[in-house]
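We're numbering straight along the sequence, starting at 1.
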Amino acid sequence: MDILVLIGRILFATLFLGSAMGHLAKTDAMAGYAVSKGVPSAKAMTMGSGVLLLVCGLSVLLGIWPDLGALLLLLFLIPTAVLMHAFWKESDPGARQGEQVHFQKDIALSGAALMLFALFAYAGDDLGLTITGPLFDLG
């Protein structure tokens, strides 16, 4: 089971690490989108979210307090879905559909992050193939 969870962690973390690179390498463009959604201090928030995504992605990938990394991703994804992808506010059908897809993706990823948090916090050191054990204990 350890190897399957490791493969899952790699696949899961890839999305967040790629997104982090986008936030950090294309900060101005990403901040422009954030401004259009009403995010205050958009450039700082874009850079901060990029660092958060990078740290959390590496946490899950490498198994360094991966439960905390998954929990922080959950806490990032829910508000992001609601604030950045509010499809119900869009009047253009194409924009509405695009935002709805992103909203649903973030909600689905939230569920996956919650399951990963529970798995790591419950299995603890028994899971294996991690650098550290979990920070939380649900066992």
Side-chain angles (χ1 to χ4, degrees):
M1 180 168 131
D2 294 353
I3 194 71
L4 294 176
V5 174
L6 175 62
I7 292 168
R9 287 178 16 223
I10 292 167
L11 295 172
F12 185 73
T14 300
L15 175 78
F16 299 105
L17 295 173
S19 185
M21 293 300 105
H23 280 71
L24 298 172
K26 300 175 183 176
T27 303
D28 290 335
M30 300 283 284
Y33 178 69
V35 166
S36 77
K37 297 297 182 173
V39 173
S41 304
K43 189 168 185 176
M45 294 295 278
T46 300
M47 291 175 66
S49 61
V51 170
L52 178 70
L53 291 168
L54 179 63
V55 169
C56 292
L58 288 173
S59 168
V60 170
L61 176 69
L62 299 174
I64 301 171
W65 289 342
D67 56 335
L68 178 61
L71 181 61
L72 291 174
L73 285 171
L74 169 70
L75 296 175
F76 169 80
L77 287 162
I78 299 276
T80 299
V82 173
L83 299 173
M84 298 297 290
H85 304 299
F87 65 91
W88 53 90
K89 293 181 180 178
E90 296 292 337
S91 57
D92 176 66
R96 183 180 186 96
Q97 183 178 17
E99 292 298 346
Q100 187 172 10
V101 167
H102 287 295
F103 177 87
Q104 291 172 331
K105 171 198 56 119
D106 284 354
I107 295 300
L109 287 168
S110 297
L114 181 61
M115 287 187 288
L116 273 178
F117 166 74
L119 174 67
F120 286 119
Y122 181 77
D125 293 327
D126 292 338
L127 190 57
L129 301 179
T130 60
I131 293 176
T132 70
L135 187 62
F136 299 95
D137 181 10
L138 298 178

Distance (rounded to the nearest 0.5 Å) between [X] [atom1] and [Y] [atom2]:
X    : Y    : atom1 : atom2 : value
F136 : F117 : CZ    : CZ    : 5.5 Å
F87  : Q97  : CZ    : CD    : 11.5 Å
I78  : L83  : CD1   : CG    : 11.0 Å
K105 : S110 : NZ    : OG    : 10.0 Å
T130 : I64  : OG1   : CD1   : 9.5 Å

Keeping the roles fixed (side chain from D67, backbone from P134), state whether a donor-acceptor pair exists under 3.5 Å. no
Exam field: side chain H23 to backbone S19, donor-acceptor pair closer than 3.5 Å: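 A pair under 3.5 Å: yes.
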Anything under 3.5 Å between a donor and an acceptor, one on a side chain of residues 33-40, the other on a protein residue two or more places apart or in another chain? List them.
{"unit_1": "Y33", "atom_1": "OH", "unit_2": "M84", "atom_2": "O", "d": "3.3"}
{"unit_1": "Y33", "atom_1": "OH", "unit_2": "E99", "atom_2": "OE1", "d": "3.3"}
{"unit_1": "Y33", "atom_1": "OH", "unit_2": "E99", "atom_2": "OE2", "d": "2.7"}
{"unit_1": "S36", "atom_1": "OG", "unit_2": "Y33", "atom_2": "O", "d": "2.6"}
{"unit_1": "K37", "atom_1": "NZ", "unit_2": "E90", "atom_2": "OE2", "d": "3.4"}
{"unit_1": "K37", "atom_1": "NZ", "unit_2": "E99", "atom_2": "OE2", "d": "3.3"}

Considering all heavy atoms of both residues, which atom of [X] and which atom of [Y] are nearest to each other, and what is their separation?
X    : Y    : value
L61  : L6   : O-CD1, 4.4 Å
A13  : G57  : CB-O, 3.5 Å
L15  : L109 : CD2-CD1, 3.2 Å
L116 : A70  : CB-CB, 4.0 Å
A20  : L54  : CB-N, 3.5 Å
L24  : T27  : O-OG1, 3.2 Å

May I ask whether [X] and [Y] are part of the same hydrophobic cluster, defined by side-chain heavy atoms of I, L, V, M, F, W, Y residues being less than 4.5 angstrom apart, directly or through others?
X    : Y    : result
I131 : L73  : no
M21  : I10  : yes
L138 : L74  : yes
L77  : L119 : yes
L52  : V55  : no

Residues that Y122 engages under ring-ring contact (aromatic ring centres under 6.0 Å, His included), provided they are two or more places apart: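 For Y122, no residue satisfies ring-ring contact (aromatic ring centres under 6.0 Å, His included) once neighbours in sequence are set aside.
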Go through L17 and L58 one step at a time and tell me if the side-chain contact (heavy atoms from CB on, under 4.5 Å) criterion holds. CA-CA 7 Å; L17 295 173; L58 288 173; 4.0 Å; yes
Check the pair L68, L72 against side-chain contact (heavy atoms from CB on, under 4.5 Å), reporting the backbone distance first and the verdict last. CA-CA 6 Å; L68 178 61; L72 291 174; 4.1 Å; yes
Could you give all pairs that pass the salt bridge (charged side-chain N to carboxylate O under 4.0 Å, His left out) test and reach residues 9-33, with sequence neighbours left out?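 Applying salt bridge (charged side-chain N to carboxylate O under 4.0 Å, His left out) to every pair that reaches into residues 9-33, excluding sequence neighbours, yields D28-K43.
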Can you spot which of F12, F16, W65 makes a side-chain contact (heavy atoms from CB on, under 4.5 Å) with V60? F12
